[in-house]
Protein chains: 2
Amino acid sequence: MSSCQTCVVRNRAICSALSDAELDALNRMGRRIAIGRGETLIWEGDESALVANVIEGVLKLSTSTADGREQIVGVVYPSDFIGRPFGDTTQHSVTALSDAQLCLFTRPSFDSFAREYPQLQHKLLERTLTELDRARGWMLLLGRKSASERVATFLLDMARRLAETSCSGADLHERFDLPLTRQQMADLLGLTIETVSRQLTRLRQAGIIDLPDRRAVVILDRAAMEAEAGNG
Amino acid sequence: MSSCQTCVVRNRAICSALSDAELDALNRMGRRIAIGRGETLIWEGDESALVANVIEGVLKLSTSTADGREQIVGVVYPSDFIGRPFGDTTQHSVTALSDAQLCLFTRPSFDSFAREYPQLQHKLLERTLTELDRARGWMLLLGRKSASERVATFLLDMARRLAETSCSGADLHERFDLPLTRQQMADLLGLTIETVSRQLTRLRQAGIIDLPDRRAVVILDRAAMEAEAGNG
DNA sequence: CGAAAGGTTGAGTGCTGTCAACGTCCGTGG
DNA sequence: CCACGGACGTTGACAGCACTCAACCTTTCG
């Protein structure tokens, strides 16, 4: 069994609220699993049975209309928490965008453990409040921004979040690899794949970004990107 | 000083986690205030200084782009909690849509009180998780639904939430008064005022709803509304 | 090599936004 | 009481941005 002591997200995930001894107790309830790119761990509308910490990889949270239109409602990175504690249904699916490692718990056991450790609930509350702020910020993008603003905002957001997750500190990461396909970007931005592609091409032709390959992005002119994003 | 014992939201707000004695302690830190329709209590981007429970009235949470496009990111009702505890800035404005009564706390005092009462934090966590689910559900509407689906979804959602808030129990409330103007509906749905107006007119002409006056809505054909909303 | 998945580009359409005029409601003050 | 003004709402004409449909290109992998 892997030890929480050596876990790479030990000090960033909600586990950071716990002492080593408390963590041992939590560890006994959970297990570490690997899931492959494209695998879905939790399905929209299902009874909430699982929660987890992300150790490695990137996952999407998504919902769909009855006729199959999809919206990605969140993207989670290492140290993020997934699943719906303290509730009986999960409102969105959770699917791996890359191969991923999770620290998995059954919801009932997590719920009862959390009730006994207020510091753990406090960490979870802080995280949930931050996620709520993020979701509401995204509502502004979906409701009010143009396609070009959406794509630019997305690229800046992705650059920032990948920089936070990686260990290279304050590096602004002007180059990074997208963890999403064009279709997934479209599903996140409330656009079609063609519109995303056209906006990326436009930014490239304007000399604002470079696209060395289908996954890589280089931000050449950050000021112009900020302007495209409509901040300022 | 008004007593929490007789507060109309005593058993529905996060206060329900507290005993009468604990509530007295909380009560000593807070104060009850009235704010008028249109008044803004908290401004987007400001330092988070206040939190509150809604006792009476309806308020909106909103954000704007630099050039003034607005998106309403939440609508809160009696017993809901507003403000951003455990964080230094508020990401959205809070404005009264009707005259309202609030139970107000300064954030530092609320934060430190909450840290001492895990049951209170637990209630707040449950509420925040529910709000996050709701916000993510709204992202599907903003990103993927047509104008007619948005308006129909909104009307059904409003009917349901007003029924929950009012005391008439399981009554489906086929008639209700909108707490929002057409402009506010547009800002919530990511549409323009003209599109909202046209969709309402269309629903009325189709015999699905009636609009007795500018604030009232009567749902005449709930099945047709569900179909319009794209849930089926 | 061939097939499938992912991505780009082009042509045309349509939904929703923009601009504008007009209608309705309501409070205020003469 | 009535006239007036302003906020709110509706309707129409038109335009444009993003979607749809389609062809084609690139990369990957068996």
Evaluate the side chain to side chain donor-acceptor pair (under 3.5 Å) criterion for residues B:T89 and B:Q91: first the C-alpha distance (whole Å), next the side-chain angles of each, then the deciding distance (0.1 Å), finally the verdict.
CA-CA 6 Å; B:T89 62; B:Q91 300 291 326; 3.2 Å; yes
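- Computed from coordinates, the B:I193 CD1 to C:dT16 P distance equals 17 Å when rounded to whole Å.
- In this structure, the nucleotide among C:dT16, D:dC8, C:dT8 sitting nearest to the side chain of B:R214 is D:dC8.
- If you take CG of B:L189 and P of C:dG17, they are 10 Å apart, rounded to a whole angstrom.
- Comparing A:R198 and A:R215, the nucleotide of DNA chain C nearest to each residue sits closer to the 5' end for A:R215.
- B:Q199 and B:R202 share a side-chain donor-acceptor pair at under 3.5 Å.
- Around the CD atom of B:E47, the shell of radius 6.0 Å holds no more than 12 heavy atoms that belong to other residues, nucleotides or ligands.
- The residue B:G190 sits close only to the backbone: its heavy atoms come under 4.0 Å of sugar-phosphate atoms, none of a base.
- A donor-acceptor pair is defined here as one N or O able to donate and one able to accept, closer than 3.5 Å; no such pair exists between the side chain of B:N53 and the backbone of B:A13.
- Rounded to whole angstrom, the span from the CG atom of B:D213 across to the P atom of D:dG9 amounts to 11 Å.
- Residue A:T195 places none of its side-chain N or O atoms closer than 4.0 Å to OP1 or OP2 of D:dA18.
- Set against D:dC19, C:dG10, D:dT11, the side chain of A:E194 has C:dG10 as its closest nucleotide.
- Mapped onto DNA chain D by nearest heavy atom, A:Q199 and B:V196 fall at different nucleotides, with B:V196 at the one closer to the 5' end.
- Considering only the side chain of B:A147, C:dT16 comes nearest among C:dT16, D:dA18, C:dT18.
- For B:T181, taking side-chain heavy atoms from C-beta onward, the closest of the listed nucleotides D:dG9, C:dT8, C:dT16 is D:dG9.
- Taking atom CG of A:L180 as the reference point, atom C1' of C:dG6 lies 14 Å away to the nearest angstrom.
- In this entry the distance linking CD of B:E149 with C1' of C:dC15 reads 13 Å, nearest Å.
- A:L200 comes within 4.0 angstrom of nothing in the nucleic acid, heavy atoms only.
- Heavy atoms of other residues, nucleotides or ligands lying less than 6.0 angstrom from CZ of A:R215 number more than 12.
- The separation between A:E70 atom CD and D:dC19 atom P is 15 Å, rounded to whole Å.
- Rounded to whole Å, atom P of D:dA7 lies 21 Å from atom CE of B:M185.
- Taking 4.0 angstrom as the limit, B:R182 places a side-chain polar atom (N or O) nearer than this to OP1 or OP2 of D:dT10.
- Regarding B:Q183, its CD atom lies at a distance of 13 Å from the P atom of D:dT10, rounded to whole Å.
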